[in-house]
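Since the structure is predicted, the reported quantities are computational estimates derived from the model, not experimental observations.
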Amino acid sequence: MELKNVLLEKDSNIAVITMNRPKALNSLNSETLKELDKVIEVLEKDSEIYAVVLTGAGEKAFVAGADISEMKDLNEEQGREFGLLGNRIFRRIEKLDKPVIAAVNGFALGGGCELAMACDIRIASIKAKFGQPEVGLGITPGFGGTQRLPRIVGVGKAKELIYTCDIIKADEALKIGLVNKVVEPEVLLEEAKAMAKKIAQNAPIAVKLCKDAINRGMQVNIDDAIDIEAYDFGKCFSTKDQKEGMTAFIERREKNFQNK
Ligand code: CAA
């Protein structure tokens with residue numbers, strides 16, 4: 001598949017995905033969603049990539065939502081299918097076996113905010129703006145917003161944002177825990193890549209298992225969550241990287257992880 005709306009670059013052990021439809025503020029039509037799906041599939045198979053950064057092309061937008069012109073004339077069944085398409089791909093990002101950092105450079109509205117929330121970590125430029133404007137268009141959030149926003153910022157704040165369609169700036173997003181960090185626009189990508197590189201220095205299988213334990217554990221009761229952790233913790237001891245990490249500590253030398 002030829003990619004034009006979504007770009008993928010690799011830089012040693014990290015990858016950068018760029019949503020690249022700047023004329024339409026990187027909004028998500030089905031073509032763009034399918035390209036994103038393809039890129040995620042490529043990353044799933046790439047055992048040399050340990051962390052991913054996802055950003056938007058241009059100065060203005062991360063992603064300004066699902067494509068309104070494409071959604072306008074959908075019927076009930078087509079609307080549901082479109083929602084399921086976006087949800088399936090965002091879930092694939094959430095379950096990707098490497099951390100994904102959203103570098104939010106501008107508008108992250110509707111499906112754009114939902115895309116950022118499917119990532120593990122969000123770093124925002126001071127110019128970023130977040131919101132779920134769907135009810136103002138006569139729809140509900142459709143790519144996970146009703147489910148991930150309350151899980152990230154709490155039920156009350158999520159309901160306020162979704163019911164009012166308020167658009168919030170980066171400092172407010174930081175205050176409510178929607179983003180991890182706010183930085184100047186010029187250094188956004190650099191900061192996101194630096195964090196990705198920092199993550200990539202650690203044992204990739206252990207990082208992957210942490211993502212698995214946190215994501216799955218947050219959806220179940222604490223007893224089952226502890227079982228998930230114990231299983232993943234045990235699994236680490238079957239890896240060469242666990243032996244390497246602990247041996248290097250004891251021998252007081254640099255570690256050399258191999259993703260094995
Ligand atoms: N869908 C389709 N096209 C979009 C778009 C979207 N979500 N957002 C922006 N665009 C297009 C505009 O139509 C415009 O195209 P033309 O130049 O061809 O007219 C271009 O991008 C530039 O946008 P604006 O001229 O509107 O730029 P602005 O600076 O005046 O405003 C904005 C920026 C406030 C982000 C405004 O574009 C806007 O409100 N966009 C829509 C945001 C939105 O409602 N998103 C939610 C969509 S619904 C959704 O996402 C459902 C879901 O949960 C899956």
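Counting heavy-atom neighbours within 6.0 Å of K95 NZ, excluding the residue itself, gives a total of 12 or less. Open room surrounds CD on E59; 12 or fewer heavy atoms of other groups in view lie less than 6.0 Å from it. Remark: K129 NZ is loosely packed, at most 12 non-hydrogen atoms of other residues, nucleotides or ligands lying under 6.0 Å away. Counting heavy atoms of neighbouring residues, nucleotides and ligands inside a 6.0 Å radius, atom CD of E229 does not exceed 12 of them. When the shell of 6.0 Å around CZ of F237 is examined, it contains more than 12 heavy atoms from other residues, nucleotides or ligands. Crowding of E48 atom CD: a count of heavy atoms from other residues, nucleotides or ligands under 6.0 Å not exceeding 12. Applying the 6.0 Å contact sphere to CD of E76 captures no more than 12 heavy atoms from other residues, nucleotides or ligands.
Residue A200 comes nearest to N13 through the heavy atom pair CB-CB, 4.3 Å, listed as atom of the first residue, atom of the second, then distance. Scanning both residues, P141 and Q132, for their nearest heavy atoms gives CB-NE2, 3.8 Å. Residues V53 and A196 approach most closely at CG2-CB, 3.9 Å, considering heavy atoms.
Atom-to-atom distance recorded for T239:OG1 and Q258:CD is 11.0 Å, nearest 0.5 angstrom. One distance of note links CD1 of I14 with CE of M195; it measures 12.0 Å at 0.5 Å rounding. In this structure, the separation between CG on L8 and NZ on K38 is 11.0 Å, given to the nearest 0.5 Å. Interatomic distance, CD1 of I126 versus CG of L174, reported as 12.5 Å (0.5 Å rounding). In this structure, CG on N221 lies 4.0 Å from CG on D224, to the nearest 0.5 angstrom. Here the straight-line distance linking atom CZ of F90 with atom SG of C119 works out to 8.5 Å at 0.5 Å rounding.
V6 places a side-chain heavy atom less than 4.5 Å from the side chain of M19. The shortest side-chain heavy-atom distance between D223 and I226 does not fall under the 4.5 Å cut-off. The closest side-chain heavy-atom distance from E94 to R91 is below 4.5 Å. By the 4.5 Å heavy-atom criterion applied to side chains, V52 and P99 are not counted as neighbours. Side-chain contact check for L161 versus I176: some heavy-atom pair is nearer than 4.5 Å. Side-chain atoms of I40 and I17, non-hydrogen and from C-beta on, do get closer than 4.5 Å to each other. When side chains are defined from C-beta on, T18 counts as touching E9, because their heavy atoms get closer than 4.5 Å. No side-chain heavy atom of V39 sits less than 4.5 Å from a side-chain heavy atom of L7.
At a threshold of 4.5 Å between side-chain heavy atoms, the hydrophobic network of Ile, Leu, Val, Met, Phe, Trp and Tyr places I49 and I101 in two separate groups. The same ILVMFWY cluster, assembled from side-chain heavy atoms under 4.5 Å apart, contains both V104 and L28. In terms of hydrophobic clustering, with Ile, Leu, Val, Met, Phe, Trp and Tyr side chains grouped at heavy-atom distances under 4.5 Å, F62 and I168 are assigned to a common cluster. The same ILVMFWY cluster, assembled from side-chain heavy atoms under 4.5 Å apart, contains both I93 and V42. Following chains of ILVMFWY side-chain contacts shorter than 4.5 Å, one can reach F143 starting from I162, so the two form part of one hydrophobic cluster.
Between the side chain of T55 and the main chain of A103, a donor-acceptor pair closer than 3.5 Å is present. Of the possible polar contacts, one joining the E244 side chain to the N256 backbone as a donor-acceptor pair under 3.5 Å is found. Proximity of a side-chain donor or acceptor of R122 to a complementary backbone N or O of L178 within less than 3.5 Å is detected. Side chain of N105 to main chain of G58: a donor-acceptor pair is present (N/O by atom type, distance under 3.5 Å, no hydrogens or angles). Panel note: side chain K98, backbone L43; a donor-acceptor pair is recorded below 3.5 Å. Looking at R21, its side chain does come within 3.5 Å of a backbone N or O of S27 through a donor-acceptor pair. N20 places no side-chain N or O within donor-acceptor distance of the main-chain N or O of A57, the cut-off being under 3.5 Å. The backbone N or O of N259 sits less than 3.5 Å from a side-chain atom of D241, completing a donor-acceptor pair. Under the 3.5 Å distance criterion, the side-chain polar atoms of N26 are matched with a main-chain donor or acceptor of A61. A side-chain donor-acceptor contact under 3.5 Å links E114 to the backbone of G145.
With sequence neighbours excluded, the residues that form a salt bridge (Lys or Arg N to Asp or Glu O under 4.0 Å) with K197 are D11. E186 is linked by a salt bridge (Lys or Arg N to Asp or Glu O under 4.0 Å) to nothing, counting only residues two or more places apart in sequence or in another chain. With sequence neighbours excluded, no residue satisfies salt bridge (Lys or Arg N to Asp or Glu O under 4.0 Å) with K34.
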Query raised in the report: Is there a salt bridge (charged side-chain N to carboxylate O under 4.0 Å, His left out) between R80 and E77 once you walk through the steps?
Result: CA-CA 5 Å; R80 199 160 289 129; E77 196 189 332; over 6 Å; no

Query raised in the report: Can K4 and E31 be said to form a salt bridge (charged side-chain N to carboxylate O under 4.0 Å, His left out), step by step?
Result: CA-CA 10 Å; K4 63 179 192 340; E31 195 187 15; 2.8 Å; yes

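A donor atom on one side chain and an acceptor atom on the other are found under 3.5 Å apart for D67 and S69.
In this structure, K175 pairs ionically with E172, as a charged nitrogen and a carboxylate oxygen lie closer than 4.0 Å. A salt bridge is defined here as a Lys NZ or Arg NE, NH1 or NH2 lying under 4.0 Å from an Asp or Glu carboxylate O, and R92 with D37 meets this definition. Contact check on K157 versus E160 returns a salt bridge, with a Lys/Arg side-chain nitrogen under 4.0 Å from an Asp/Glu carboxylate oxygen. Between K10 and D46 there is a salt bridge, since a side-chain N of the basic residue sits under 4.0 Å from a carboxylate O of the acidic one. The pair D120-K211 meets the salt-bridge criterion, since a charged nitrogen lies less than 4.0 angstrom from a carboxylate oxygen.
Ring centers of F257 and Y50: at least 6.0 Å apart, outside the cut-off.
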